[in-house]
Protein chains: 2
Amino acid sequence: MIRKTTIKDVAKEAGVSIGTVSYVINNSAPVSADTQKKIVSAIKKLGYHPSSIAQGMAKRRTNLIGLAVPQNHIGAFSDYMMLDLLRGIADVVTSRKFHLILDFQENEKNNCSYMEMYNSKTIDGMILMSPRRFDRNFEKLIDAQFPFVILNSSIQQPSCCCVDVDNVHCGYLATKHLFELGHRRIGFIAPDDLQYYFSFDRMEGYRRAYLEAGIAIDEDLVQVPPKGKMGAGAFAVNKLLGLAEPPTAIIAGSHCILESALTELKRREIGIGKDLGLIGIDNSPLCTWVKPQIDAVAIPVYEIGKEAAEMVIDQIEKGPSSPRRIILPGVLIKRESAVSV
Amino acid sequence: MIRKTTIKDVAKEAGVSIGTVSYVINNSAPVSADTQKKIVSAIKKLGYHPSSIAQGMAKRRTNLIGLAVPQNHIGAFSDYMMLDLLRGIADVVTSRKFHLILDFQENEKNNCSYMEMYNSKTIDGMILMSPRRFDRNFEKLIDAQFPFVILNSSIQQPSCCCVDVDNVHCGYLATKHLFELGHRRIGFIAPDDLQYYFSFDRMEGYRRAYLEAGIAIDEDLVQVPPKGKMGAGAFAVNKLLGLAEPPTAIIAGSHCILESALTELKRREIGIGKDLGLIGIDNSPLCTWVKPQIDAVAIPVYEIGKEAAEMVIDQIEKGPSSPRRIILPGVLIKRESAVSV
DNA sequence: CTGAAAGCGCTTACAG
DNA sequence: CTGAAAGCGCTTACAG
């Protein structure tokens, strides 16, 4: 590795002190046009770039943001959304002159690797994706007034900054859409055994739509299949279709549910979009790869990433603020699977 | 933000010099059992963690690896593979006590943001995903003997470390598989207008299988549809099926090609897996979401990530080595779409 | 085995 | 407007 040029080299080349060089780099003090010019051309000539870590040392600011990604985020963000989220975060992080450090949580143990980034003072702030419910590590961050925001975990933690999608509204949107198409008996398949808030919230939205419509819910219509990625949707579909009075439409409460429900529906050769309406919460490539294409409520993942990043960086730059919460609405995408009846 | 405890605090608490504290932390000099104990307990008592950036400053090592992700990597890695790649990289980066900085290339301009990470001395090494063909920025990295590896770009750059999948072999595998099922007239749809090496290589593998089988290739069977994400596969499918003597099986040269070929095949109600064999190069969720499930040659994305990470870190820790290349084989996954004939 | 001191490459009061 | 100097939190020869 070749030795890199430092601020000293620039100072010598321009015949000034390193302090003055620093002033023009940071524009942090008035400098005469003349010396300014000398310094600028010295910088150019030597191809000088300040060392971010030396700057970090002196300014007590690394300009690094950590993103903690849970090992299996069965939650609202499936793999298919992860990249969009990253792009959302990266876009603002970059434009605000920060860098993003990715940290995948390794194991199921309580020891959270994201705390290591914090402890070692590597990062100025952190975005915490779907921390586990029993995870209380981040309380240390609160105590330390360390800038961070929690993503996608409608945690009842009023002292944290959060950004999330409005899951209740997502459930409501899907249900309302089906109502408007004339459906009255709508099946709802809840994801993840109701183990997460988002799951519960989506179901809640379903209930609100019914309430608003003034129709009593037949509880047989809401299915909470036992946990387990595989087959939960299929299981629930069979329950629903086995009812004395089966639903005319079904809401799949998550991408995973949709996947397995769809498989079963196709296996049974049910006429989706003809004999049965279908809509998913979570939009994924699956929805358009399949015939008929599936209506869905899309999670604004990119925007969630953006907002989260803005939020941490605001905290870093403007100092701690009172905890903010941003709740973004889901977006209904009409396609071919939610027949009118 | 609360003031963090430093090495000075520990030294004072233990009644020793900061040098000695440093020795026990880094195990870089013999220390008597007694002082060792005092220091360890002081560290524990104060909850001290060294500042990674101060260490970086002193050791001239940040323990940060940059990953440059192109804006649209139409290349061999689709979005569906990206997460696996990240996991592969992250797993070894983490276990080797480094951190990963993500850098999405912003624009089509020649100015490559990844050079910024290098210039600012933020990172110790870099993984460069599918650099554009005209990108010559990384030559500066070579000159500076900066540790980096190029991913997924069979660039004819003998002076770089690279890791990639063996695309020729992928094409070969797919074709061979079809041969073994009795097919003799196999259509090949080349991705991305042959603009990338990987695309060309996959086609090359197809040709080799034919050569090996001693069968002359009917050039009508190899389609190079005009570029453009949408419809290229559909376009080629129609060409192929319109032939006087149409193929009995088709190879989709990439995930994108498969997606649009599949759509067209379904629209025309062709009996995939019955009347026509189909196999994709690139394995993606699409292959299992669809009925019949699609045979595919999988790219070992996770492993590619791992190897790449090991390679940069080796360079960082052991100093520059002669350029290494790792070419991993694709993996044939048999499913339901490649009928025997 | 341990301490004092220089140095890593910057920034920033403080003088002048 | 500019320079000299202290300081950011560590590591590492160098003495002893």
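Scope of the values below: all heavy atoms of this structure, side chains included, with no hydrogens, waters or symmetry mates. Numbered from 1 within each chain, the chains take letters A, B, ... in sequence-line order.
Not a single side chain to side chain donor-acceptor pair (under 3.5 Å) links T6(B) to another residue, sequence neighbours left out. Residues that satisfy the salt bridge (charged side-chain N to carboxylate O under 4.0 Å, His left out) test with K37(B), not counting sequence neighbours, are absent from this structure. Every residue was checked against the side chain to side chain donor-acceptor pair (under 3.5 Å) condition with S41(B), not counting sequence neighbours, and none meets it. Considering only residues two or more places apart in sequence or on other chains, D166(A) meets the side chain to side chain donor-acceptor pair (under 3.5 Å) condition with none of them. Taking A68(A) as the reference, Q105(A), Y114(A), L128(A) meet the side-chain contact (heavy atoms from CB on, under 4.5 Å) condition, with sequence neighbours excluded. T122(A) is linked by a side chain to side chain donor-acceptor pair (under 3.5 Å) to S120(A), S52(B), counting only residues two or more places apart in sequence or in another chain. Applying the salt bridge (charged side-chain N to carboxylate O under 4.0 Å, His left out) criterion to K318(B), with sequence neighbours excluded, gives D314(B).
Side-chain N/O atoms of Q55(A) include one lying less than 4.0 angstrom from OP1 or OP2 on dT11(C).
Between V93(A) and L102(B), every side-chain heavy-atom pair lies at or beyond the 4.5 Å cut-off.
Sequence neighbours left out, the pairs with a member in residues 302-313 of chain B that pass salt bridge (charged side-chain N to carboxylate O under 4.0 Å, His left out) are R96(B)-E310(B). Annotation: salt bridge (charged side-chain N to carboxylate O under 4.0 Å, His left out) contacts involving residues 59-71 of chain A, sequence neighbours excluded, are absent.
Taking atom NZ of K12(A) as the reference point, atom P of dG9(C) lies 13 Å away to the nearest angstrom. Atom CG of L46(A) and atom C1' of dG9(C) are 15 Å apart (whole Å). Rounded to an integer number of Å, the gap from Y48(A) OH to dG9(C) C1' is 7 Å. One can place CD1 of I7(B) at 13 Å from C1' of dG3(C), the figure rounded to the nearest angstrom. In this structure, the NZ atom of K4(A) is 15 Å from the P atom of dC8(C), given to the nearest Å. To the nearest angstrom, C1' of dT11(C) lies 14 Å from CG of N63(A). The separation between K8(B) atom NZ and dG3(C) atom P is 16 Å, rounded to whole Å. Rounded to an integer number of Å, the gap from CZ of R60(A) to P of dG7(D) is 11 Å.
In DNA chain D, the stems built from three or more successive Watson-Crick or G-U pairs (distances below 3.5 Å) are C:1-3 with D:14-16, C:5-12 with D:5-12, C:14-16 with D:1-3.
DNA chain D is contacted by no residue of residues 29-45 of chain B, taking any non-hydrogen atom closer than 4.0 Å.
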Show me the protein contacts with nucleotides 12-16 of chain C, counting only N or O atoms at under 3.5 Å.
residue: dA13(C); atom: N6; partner: Y23(A); partner atom: OH; Å: 2.4

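Each of A54(A) and I25(B) was matched to the nucleotide of DNA chain D holding its nearest heavy atom; the match closer to the 5' end belongs to A54(A).
Judged by the 6.0 Å and 45° rule, K140(B) forms no cation-pi pair with F146(B).
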